[in-house]
Each structure stands twice: as structure tokens, then as C-alpha cells.
> 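Could you have a look at this structure, given as C-alpha cells, before my questions?
These numbers come from the heavy atoms of this one structure, side chains and all, not from hydrogens, waters or symmetry mates.
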Amino acid sequence: MDLFDYMRETSMKQEAPLASRMRPTTLDEVVGQQHILGKGTLLYRAITTDKLSSVIFYGPPGTGKTTLARVIAGTTKAQFTQLNATVAGKKDMEDITTQAKETYGMYGRRTILFIDEIHRFNKGQQDYLLPFVEDGTVVLIGATTENPFFEVNGALLSRSMIFELKPLSREDIEVLINRAVTDKEKGMGSYNAEITPEAVHFLSDIAGGDARRALNAIELAVLSTAPDADGKIRLTLPVMESCVQKRAVRYDKDGDNHYDTISAFIKSMRGSDPDAAIYYLARMLYSGEDVKFIARRIMICAAEDVGNADPQALQVAVAASQAVERIGMPESQIILAQAAAYVATAPKSNAAVNAIGSAMDYVQTHPQAPIPPHLQDAHYKGAKKLGHGLEYKYAHDFPNHYVKQQYLPDEVLGTVFYEPADQGYEKTIKAWMEYIKGE
């Protein structure tokens, strides 16, 4: 490194965003993640003894995945190198693995390869790493915001330990906020700023477990707030509210939070909890989820979980789906809330689900049985000569518009697929069927 490279690197460190400057360099400086980094835990022992094997760090943004990799880089005696999967190609990996072989052969030093956004690597790129991870040429550290069990090759997963990082607690965020305001070496301490407890509480709450979001807000507040007459920059609640216009919500339309939230929404409607259903609906709407997608899930829940216990639930859900397409936001949130509340509070029955499931299983595992002749179509030419439709009894010609006759094929006779529940309107259906059949 020449003088100009050194000056450029020094300048970049000084001018880097606060969130980057405040990254811990030792395990003792790391805040949160005690479930995997507490003293005595497997990961803590592996890092402190420099015996780390390949790992994948998985968790939401701002929880410390890259920070952990940097801490490892600062504590290990191994050669540490880094790639970002959004820009790296096969040639980059070839250069690194070649250098790793030489480093190990000449100096006996391992190479730790940190790949940020590892889920962005395609199958071929991930497969390329396998033999080098397996023979120990490189120790892999992968970081991803996506569920690795969906986004990372199974073979690579089997050779790595997976550690899930959780969103930081409000208390953890408060520690980082106070550290950032007072730290004169890496933080904003040289600006003579102070932050009120109310502002700390607000910011730690609204950050949503994302340390980076909180630190970015602190930096903006300090740099954009004029000092008082005594030279102090006072970060009050109004100041911090102006620096954070919208609460952070961990939600990715293509990631885990999308599926977790819609799952919780559906399960809340199924579980007859309208408050929870409306809460998860609000989270999705706040995060910009497609209202048509939400409406489709309400329709499915109305048929799957309410069914004939309240046949009107599906009508409400379908009407809501049509309405949101015609009206749009913000009014659509009212329509979706009405439909979700209706489905959540309706009596429940999955008899229709069980019926079609049983029937599909039966059709799949049994030969197709001949349809009884009296049920076959009698309108085409020559049908009656073949006996099709003969002796069919027209139900409306009989009392209660019902007449007992065979509808199932002989081979299926006696099999029951639909069993109405004793819930809501389905209880009425069950009683009616028993009445007309004289049971």
C-alpha cells in the first residue's frame, strides 16, 4: 500500500456513514444476539479459539451479519477475504480459491471467505464452492436475509452450520444509540450532542430491531440540527420524529416476512381472532402488499375454513376482491378489513376441504367406475337405445324435491365424502339431509 492508498483508505473510514464506523471490532463490543454469542455458546467458543468451520448467518437487515464477519476477520489468524454475491462472478471465486490453495500450501494458513448476499449466487456458483469448502481450502461465511433452506444448495447447507440472527431488542438499540451519540472516536461524540430519554425510547421503538436504521437517524439528526446558544446539539423527541418519517417494518414481498405475515393472517382468521387478523392485515397494507393478493387469500380462507358453516362468507370475500380492484387504495383497506373481520368471526367448517380431499384420494387410488346408466346423458341420438337415462327419477316430481335413488357407481356405493359439521349453517344442512332421507 503506497501513501496515496493509505490516505484514501483513512479518508474513507473517517467519512463512512455512522452505521459503518460504529461496527464492533471485537466480540465484547457486539450488542445483542446473546442466544448465539453469549459466553460459552458454540459460536462464541469457535470465534475466540479461532476454530471456526463454515457457517451461514441468516436474519433481517441490520441485525449484525456483516458485523459478525468483520469481528471474525479481526480476531482470526486465517486469511480473510470478502465477496458480494450481487457483483461477484466465477472468475472472482477462481482467483480466491487459487490464492487460498497457495496460502495454505506455503504458510499453512486457512482462508476464510465471507460472501454477503449469498442467496444471490445461482446454483452453478454455489456448486463451484462445494469441493473447496469440503476439503477445507476455504472456510465459508455466508450472510443472507433469505431463508437459507430455500435459497442455498442443500449440499452447501450440509457442510455449514446455520445461525439465525434475531432483530435487536429495544434495549439493545438503546445501548447503540447512546454509544453512537457519545463515542468521540467512531461516533458523533465530537459534535457535543445529547439525546433525551424520550427521543431514545422513540427511536429504539421505531427502528424495528434494525440497528442501521437507528444509527442513520442519529447521524442525520446530529448533522442537520443547529446547536443551542450553549453550543449543545439537543436531540429531542420532535427532532428525532422529523428524522424518521415512517416506522420500519421488516417485510419483503419475496421473502420470509411475506410468507410469515400472510400465514399469521390466515391462521388468525381460521382461529376466529378478528383483532389479530386486522393487525396482520394492517402490517401488510402498511408495507405495500398487493391488495389483490390479500383479497385472494381471504377468498381461499372463506372457502377452506368457513365453508358451508356460513356460505355468505365466500360471497363477502368475492365481493371484496371485486371491490378493491375497482376502488384501489386507500379505501380498499376498509373493504379488506370488513371481509377479514367477517371471515374471522364466521362459524368454521372444513368439511368441504375434507370432502374434496377424500374424493381426490379415492379417484387417484381406485379405477374409474362406470357411471350408473340412469344418470348418463339421454339427449344424444341413440342414447335411449343404449339404456342411457332410462329409469331416472326427476327429484322435483317428489315431495321435498327428493327421491331416493342411486347416484354413486356400484363400486363406490356407501362411501361418504361430505360430512357436514355441527357448526353454523352446516348444522342446518345436516339436519335437512337427515330429514329428507328419513333418517
Side-chain angles (χ1 to χ4, degrees), residues 60-62 145-146 167 170 202-210 213-214 216-217 220 237-238 240-350 352-353 423-426:
T145 56
E146 304 296 326
R170 193 165 65 186
F202 164 78
L203 185 55
S204 63
D205 177 57
I206 207 168
D210 187 335
R213 180 176 174 84
N216 288 344
L220 175 61
L237 179 58
M240 296 315 306
E241 286 178 334
S242 68
C243 292
V244 183
Q245 297 296 324
K246 189 174 180 181
R247 179 178 294 274
V249 176
R250 295 184 303 277
Y251 194 86
D252 180 353
K253 292 182 184 179
D254 298 316
D256 291 343
N257 286 299
H258 163 81
Y259 295 108
D260 288 344
T261 307
I262 195 64
S263 174
F265 176 58
I266 293 168
K267 288 171 181 174
S268 298
M269 288 190 292
R270 179 185 299 141
S272 299
D273 190 332
D275 297 314
I278 297 298
Y279 168 72
Y280 291 116
L281 172 63
R283 279 178 56 160
M284 290 187 288
L285 292 172
Y286 186 86
S287 302
E289 181 60 85
D290 184 359
V291 293
K292 295 190 291 295
F293 170 78
I294 299 173
R296 287 196 298 271
R297 305 313 300 181
I298 296 175
M299 285 190 287
I300 293 169
C301 189
E304 181 178 357
D305 297 304
V306 177
N308 286 334
D310 184 354
Q312 191 172 338
L314 184 56
Q315 297 177 26
V316 171
V318 171
S321 178
Q322 294 172 340
V324 298
E325 290 192 28
R326 296 179 183 179
I327 294 175
M329 289 292 285
E331 291 83 359
S332 286
Q333 63 187 7
I334 304 170
I335 298 165
L336 291 171
Q338 178 191 353
Y342 191 99
V343 171
T345 55
K348 303 298 189 294
S349 171
N350 65 345
V353 177
Q423 284 279 97
Y425 185 71
E426 209 158 39

> Do L237 and E241 make a side-chain contact, defined as non-hydrogen atoms from C-beta onward lying under 4.5 Å apart?
yes

> Residues two or more places apart in sequence or in another chain: which of them pass side-chain hydrogen bond (donor to acceptor under 3.5 Å, both in side chains) with Y425?
none

> Kindly write out the residues that satisfy side chain to side chain contact (heavy atoms under 4.5 Å, CB included) with P238, not counting sequence neighbours, or none if the list is empty.
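In terms of side chain to side chain contact (heavy atoms under 4.5 Å, CB included), with neighbours along the sequence ignored, P238 is linked to T236.
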
> What pairs with S272 under side-chain hydrogen bond (donor to acceptor under 3.5 Å, both in side chains), at least two apart in sequence or on another chain?
K348

> Enumerate the side-chain hydrogen bond (donor to acceptor under 3.5 Å, both in side chains) contacts for residues 298-309, please, sequence neighbours excluded, ordered by first and then second residue.
R270-D305, N308-Y418

> Is there side-chain contact between V316 and V343, with at least one heavy-atom pair below 4.5 Å?
no

> List the residues meeting side chain to side chain contact (heavy atoms under 4.5 Å, CB included) with A337, not counting sequence neighbours, and say none if there are none.
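Partners of A337 by the side chain to side chain contact (heavy atoms under 4.5 Å, CB included) criterion, ordered by chain and then number, come out as I278, L281.
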
> Please find the pair of heavy atoms, one from A344 and one from P274, that lie closest to each other, and give the distance.
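Smallest heavy-atom distance, with atoms named: CB-CA, 3.8 Å.
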
> Under the rule for side chain to side chain contact (heavy atoms under 4.5 Å, CB included), what residues qualify as partners of A264, not counting sequence neighbours?
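Counting only residues at least two positions away or on another chain, A264 forms a side chain to side chain contact (heavy atoms under 4.5 Å, CB included) with Y280.
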
> From D273 CG over to T345 OG1, what is the distance, rounded to the nearest 0.5 angstrom?
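One finds 11.0 Å between CG of D273 and OG1 of T345.
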
> Which heavy atom of V306 sits nearest a heavy atom of A313, and at what distance?
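Nearest pair, atom of V306 first, then A313: CG1-CB, 3.7 Å.
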
> Search all heavy atoms of V244 against all heavy atoms of A217 and return the closest pair with its distance.
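Heavy atoms of V244 and A217 come nearest at CG2-CB, 3.6 Å.
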
> Kindly compute the distance separating OG1 (T261) from CE (M284), expressed to the nearest 0.5 Å.
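Between atom OG1 of T261 and atom CE of M284 there are 7.0 Å.
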
> For a quick test of reading the model, state the closest non-hydrogen atom pair linking C301 to I266 and the distance between them.
SG-O, 4.2 Å

> What distance do L336 atom CG and R297 atom CZ have between them, rounded to the nearest 0.5 Å?
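Reported to 0.5 Å precision, the distance equals 14.0 Å.
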
> Please evaluate residues I294 and L285 with respect to the criterion side-chain contact (heavy atoms from CB on, under 4.5 Å), reporting the C-alpha separation (whole Å), side-chain torsions for both, the decisive distance (0.1 Å), and the verdict.
CA-CA 9 Å; I294 299 173; L285 292 172; 3.9 Å; yes

> Give the minimum heavy-atom separation between I298 and A339, together with the two atoms involved.
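Scanning both residues, the minimum pair turns out to be CG2-CB, 4.0 Å.
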
> Suppose we screen for side chain to side chain contact (heavy atoms under 4.5 Å, CB included). Which residues come up paired with R296, at least two apart in sequence or across chains?
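Counting only residues at least two positions away or on another chain, R296 forms a side chain to side chain contact (heavy atoms under 4.5 Å, CB included) with K292, F293, M299.
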
> Between atom CD of E289 and atom CD1 of I262, what is the distance when rounded to the nearest 0.5 Å?
6.5 Å

> What's the shortest heavy-atom distance between A277 and S268, and which atoms?
N-CB, 3.6 Å

> What side-chain hydrogen bond (donor to acceptor under 3.5 Å, both in side chains) pairs are there with at least one residue in residues 309-327, not counting sequence neighbours?
D310-Y342

